[in-house]
Protein chains: 2
Amino acid sequence: MPTPAGDRSATSPSEVLALVRLGRATSRADVARETGLSATTAAARVEMLIRRGWLVETGTGPSAGGRPPRRLEMRGAAGLVVAVSLGERHAAIAVLDAAGRQVAERHLPIAVSDGPEAVLRTVVTAVEEAVAGLDDAPPLLAMCVGVPGPVSASTGLVVSPARMPGWNGADVAAIVRQWLPVPVIVQNDANLMALGEHAAGGSPAEQMVFVKVGSGIGCGVVAGGVLHRGSGGFAGDISHTTVPGAPPVPCSCGRVGCLDAVASGAALVEQLAERGVPAPDTEGMLDLARDAHPLTTQLLREAGGSTGTVLSTILNFFNPERLVIGGHLSSAEAFVAGVRSAIYAQCPPMITDGLEIAVSRVGQQAAVLGAAREALDLAFSPEQLAVRAAAR
Amino acid sequence: MPTPAGDRSATSPSEVLALVRLGRATSRADVARETGLSATTAAARVEMLIRRGWLVETGTGPSAGGRPPRRLEMRGAAGLVVAVSLGERHAAIAVLDAAGRQVAERHLPIAVSDGPEAVLRTVVTAVEEAVAGLDDAPPLLAMCVGVPGPVSASTGLVVSPARMPGWNGADVAAIVRQWLPVPVIVQNDANLMALGEHAAGGSPAEQMVFVKVGSGIGCGVVAGGVLHRGSGGFAGDISHTTVPGAPPVPCSCGRVGCLDAVASGAALVEQLAERGVPAPDTEGMLDLARDAHPLTTQLLREAGGSTGTVLSTILNFFNPERLVIGGHLSSAEAFVAGVRSAIYAQCPPMITDGLEIAVSRVGQQAAVLGAAREALDLAFSPEQLAVRAAAR
DNA sequence: GCCACTTACTCCGAAAGTGGAAATACTTCA
DNA sequence: TGAAGTATTTCCACTTTCGGAGTAAGTGGC
């Protein structure tokens with residue numbers, strides 16, 4: 001038998017789909033330009049994707065002095081993806097259609113310490129309910145779950161999560177698939193936030209470092225335009241990096257003076273308590289800072305300094321074009337000022353000249369946005385397209 | 001006019017060439033397996049590359065229970081590349097044929113402080129002489145020059161090189177091309193050493209950090225199997241990272257306590273001198289260590305500790321599978337022990353479990369090997385193949 | 001309001017790349 | 001010695017792809 005049609009194409013369907021998905025092409029002519037294919041071939045590709053139900057034409061776009069282009073979009077009704085971000089006490093869920101439009105949203109109080117089965121059962125129930133609430137819901141294509149702890153790149157298991165008691169070795173994807181038969185990606189939350197920020201707005205930086213400072217501290221890395229996970233999947237896990245010159249505060253990892261034990265929201269709450277200033281949690285501590293509470297502000301600035309000190313070594317090493325500060329503490333000006341100050345004091349101009357230091361544009365949504373992007377990428381990966389094509 | 005031949009192929013000539021060059025394919029059948037092309041097409045590609053003079057058949061390989069494969073190799077006579085590694089007082093030059101075999105070698109004393117024009121004129125003269133000494137020398141295809149200082153990725157200029165007075169802003173490629181009309185790549189020496197080590201021997205690590213400790217300290221990064229240069233090209237430049245807890249030794253950059261000022265060979269020579277132990281240079285200092293001179297050994301161990309402390313932050317952040325220690329100081333056991341000890345004390349098991357810490361296998365040759373690889377990659381890049389094809 | 005011009009897209013024929021099957025070359029293993 | 005296995009070649013049919021011509025549908029000048 002000669003080669004079946006469609007397998008031999010130099011530019012695969014998923015590549016063309018990606019162009020449209022990511023907004024890099026909105027017409028047949030765009031596809032031709034972006035891929036380097038001839039107009040004929042590009043049109044044929046698009047036609048096939050329309051026939052298969054992935055793309056739709058939505059009227060015409062603005063003319064650029066000639067015939068107006070026929071605007072292409074993802075067909076939302078082609079499917080749904082689910083983005084989940086787990087926190088210690090809170091789960092954020094977004095359901096998006098294939099076009100990336102959010103069609104449902106849920107926020108649940110959870111207790112991560114209830115363990116993976118219980119928490120994920122709650123989450124899955126909320127997802128099922130959210131999907132059931134939609135008029136003629138399309139099929140679920142993929143799901144991404146963000147967790148506040150390290151995830152092994154090779155096995156997908158949660159590993160040594162300091163803030164997730166009972167989750168060590170948990171196979172989140174397998175647990176979810178007990179109830180929802182879809183491909184599931186599990187990813188560390190800081191990594192997802194980096195992705196969310198990377199995808200948001202203007203021109204994405206090829207090399208970016210995203211540092212998340214909330215109750216804990218984590219960091220996500222984009223190298224060469226893609227997420228850098230490292231050999232084990234633990235890249236960016238700077239929580240247990242020793243901070244130079246920091247007091248020997250004991251850390252959950254058994255050592256002292258770790259960044260997490262010195263500069264995280266949880267650490268600051270504890271430091272305040274020791275000094276007779278009770279704050280219920282990180283949010284409460286930030287409320288104090290918003291009221292210009294002097295000691296809190298001072299501690300925040302120092303924590304920013306500690307974070308900036310660790311980051312400056314990283315920036316020298318990695319030389320990114322953007323450093324983004326996210327997580328709850330990024331709303332505290334004193335903290336951000338402390339980070340900036342430490343970095344400018346400790347990095348040479350060669351590094352800081354080409355560096356943009358910014359507070360996250362997408363704020364608390366970063367993790368869910370990143371999870372959404374991962375889920376969409378998974379749903380329209382060549383592999384998944386092939387699997388679904390074969391299933392018909 | 002219909003499409004000209006050879007432009008439409010899904011697998012470009014340079015990809016097939018790369019398979020053979022890098023030893024991943026030694027027969028037509030290998031090419032078919034590695035590329036996923038049919039045997040027919042793979043054979044056609046190989047035939048074309050033989051016709052164009054890039055590949056040759058060199059007898060047959062060992063049979064695996066059937067017809068023995070016809071062994072393919074790069075045609076050495078297809079061209080030459082030049083690999084140059086500049087040090088402060090020494091230039092190493094290697095001339096290789098297209099098959100990657102070294103056909104000439106030169107070692108020159110230079111004084112980097114003579115400035116770029118003078119030094120490079122000397123180097124180019126040596127290259128010309130070396131090439132002239134060959135029987136019927138093939139044409140020069142490409143050249144890579146490694147320099148002991150930062151190189152801008154965007155402009156290719158040498159930038160703020162602490163150890164290269166008079167080279168700030170030097171356009172090494174342009175200067176060389178005055179005399180040798182070939183494509184030239186300029187690259188920081190630590191980056192090249194990382195590449196050299198990466199290419200050498202067994203299975204190359206996808207994520208690798210190479211730290212070079214000689215008179216100065218630098219570091220090269222491999223992320224996702226390719227050299228990570230960072231946004232400006234300065235990635236890995238850890239010389240001016242502040243070392244936690246180090247004495248406030250003034251540094252050439254204007255700050256104090258930089259890694260370069262604390263733990264480099266030059267810094268140790270100075271520290272020894274202050275304590276009344278004269279050593280002429282880094283080599284002399286290492287000779288003392290080889291004679292088990294107590295103070296030198298102690299200083300080396302402390303320098304290793306400082307280096308390891310900076311590296312542990314980097315390892316937490318980057319999570320590589322290999323850390324390679326190179327440069328002159330890697331021959332001092334006390335130094336290497338200091339590095340290891342600091343890393344194991346300061347990185348969590350999550351990071352160290354999947355980490356191999358090794359001394360460079362290729363030693364002093366690392367930089368030239370890396371330069372050779374860069375030059376060969378450049379010579380057989382799709383762009384250069386196209387340029388040369390058009391020139392005929 | 002007509003006309004030149006630009007841009008987007010479609011139809012058509014031709015050439016080239018591609019893979020499958022079958023044939024051939026050469027070797028190991030029983 | 002033959003059977004089986006691997007490497008390579010030959011032949012052929014099938015796609016894919018492209019370029020060019022043709023059509024569609026706007027803009028802007030006068």
Side-chain angles (χ1 to χ4, degrees), chain A residues 1-16 19-20 24-52 55-73 382 386 389, chain B residues 1-17 19-20 24-52 55-73 382 385-386 389:
Chain A
M1 184 179 47
T3 321
D7 277 21
R8 207 188 299 161
S9 33
T11 331
S12 71
S14 102
E15 281 177 67
V16 175
L19 286 176
V20 179
R24 300 213 302 135
T26 60
S27 69
R28 290 164 173 76
D30 275 353
V31 171
R33 271 188 296 269
E34 291 285 327
T35 57
L37 295 170
S38 71
T40 314
T41 312
R45 286 273 194 295
V46 168
E47 222 54 56
M48 186 200 65
L49 290 169
I50 291 177
R51 261 203 324 278
R52 295 201 183 165
L55 292 181
V56 283
E57 284 185 0
T58 57
T60 58
S63 161
R67 171 173 175 174
R70 295 160 68 176
R71 182 184 293 282
L72 299 173
E73 271 182 27
Chain B
M1 184 178 51
T3 321
D7 278 22
R8 207 189 298 161
S9 32
T11 331
S12 71
S14 103
E15 281 177 67
V16 175
L17 216 47
L19 286 176
V20 179
R24 300 212 302 135
T26 59
S27 69
R28 290 163 172 78
D30 275 353
V31 170
R33 270 189 297 268
E34 291 284 326
T35 57
L37 294 170
S38 71
T40 314
T41 312
R45 286 273 195 295
V46 167
E47 221 55 57
M48 186 200 66
L49 290 168
I50 291 177
R51 261 203 323 279
R52 294 200 185 168
L55 292 181
V56 283
E57 283 184 359
T58 56
T60 59
S63 160
R67 173 173 175 172
R70 295 163 69 176
R71 183 184 291 282
L72 298 173
E73 271 182 27
L385 287 179

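Residue numbering restarts at 1 for every chain, and letters A, B, ... go by the order of the sequence lines.
Not counting sequence neighbours, Arg71(A) has no partner by the side chain to side chain donor-acceptor pair (under 3.5 Å) test. When the side chain to side chain donor-acceptor pair (under 3.5 Å) test is applied to Thr41(B), the partners found at least two apart in sequence or on another chain are Ser38(B). Judged as a side chain to side chain donor-acceptor pair (under 3.5 Å), and not counting sequence neighbours, Ser14(A) has no contacts. Taking the side-chain contact (heavy atoms from CB on, under 4.5 Å) definition, one finds that Ala32(A) meets it with Ala42(A), sequence neighbours left out.
Look at Arg45(B) and you'll find a side-chain N or O under 4.0 angstrom from OP1 or OP2 of dT18(C).
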Determine all donor-acceptor pairs shorter than 3.5 Å in which one atom belongs to a side chain in residues 56-67 of chain A; sequence neighbours excluded.
unit_1, atom_1, unit_2, atom_2, d
Glu57(A), OE1, Arg70(A), NE, 3.3
Glu57(A), OE1, Arg70(A), NH2, 3.0
Glu57(A), OE2, Arg28(A), NH1, 2.8
Glu57(A), OE2, Arg28(A), NH2, 2.6
Glu57(A), OE2, Arg70(A), NE, 3.3
Glu57(A), OE2, Arg70(A), NH2, 3.0
Ser63(A), OG, Gly65(A), N, 3.0
Ser63(A), OG, Gly66(A), N, 3.0
Ser63(A), OG, Gly66(A), O, 2.6

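Look at CE on Met48(B): it is 15 Å from C1' on dT18(C), rounded to the nearest Å.
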For nucleotides 6-10 of chain D, give me every protein contact, N/O to N/O, under 3.5 Å, one pair per line with atom names.
unit_1, atom_1, unit_2, atom_2, d
dT6(D), O2, Arg67(B), N, 2.5
dA7(D), OP2, Arg33(B), NH1, 3.3
dA7(D), O4', Arg67(B), O, 3.0
dA7(D), N3, Arg67(B), NH1, 3.4
dT8(D), OP1, Arg70(B), N, 2.6
dT8(D), OP2, Arg28(B), N, 3.4
dT8(D), OP2, Ala29(B), N, 2.7
dT8(D), O3', Arg70(B), NH1, 3.4
dT9(D), OP1, Arg70(B), NH1, 2.9
dT9(D), OP2, Arg28(B), NE, 3.0

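Within the nucleic acid shown, Ser38(B) comes within 4.0 Å of at least one base atom, counting heavy atoms only.
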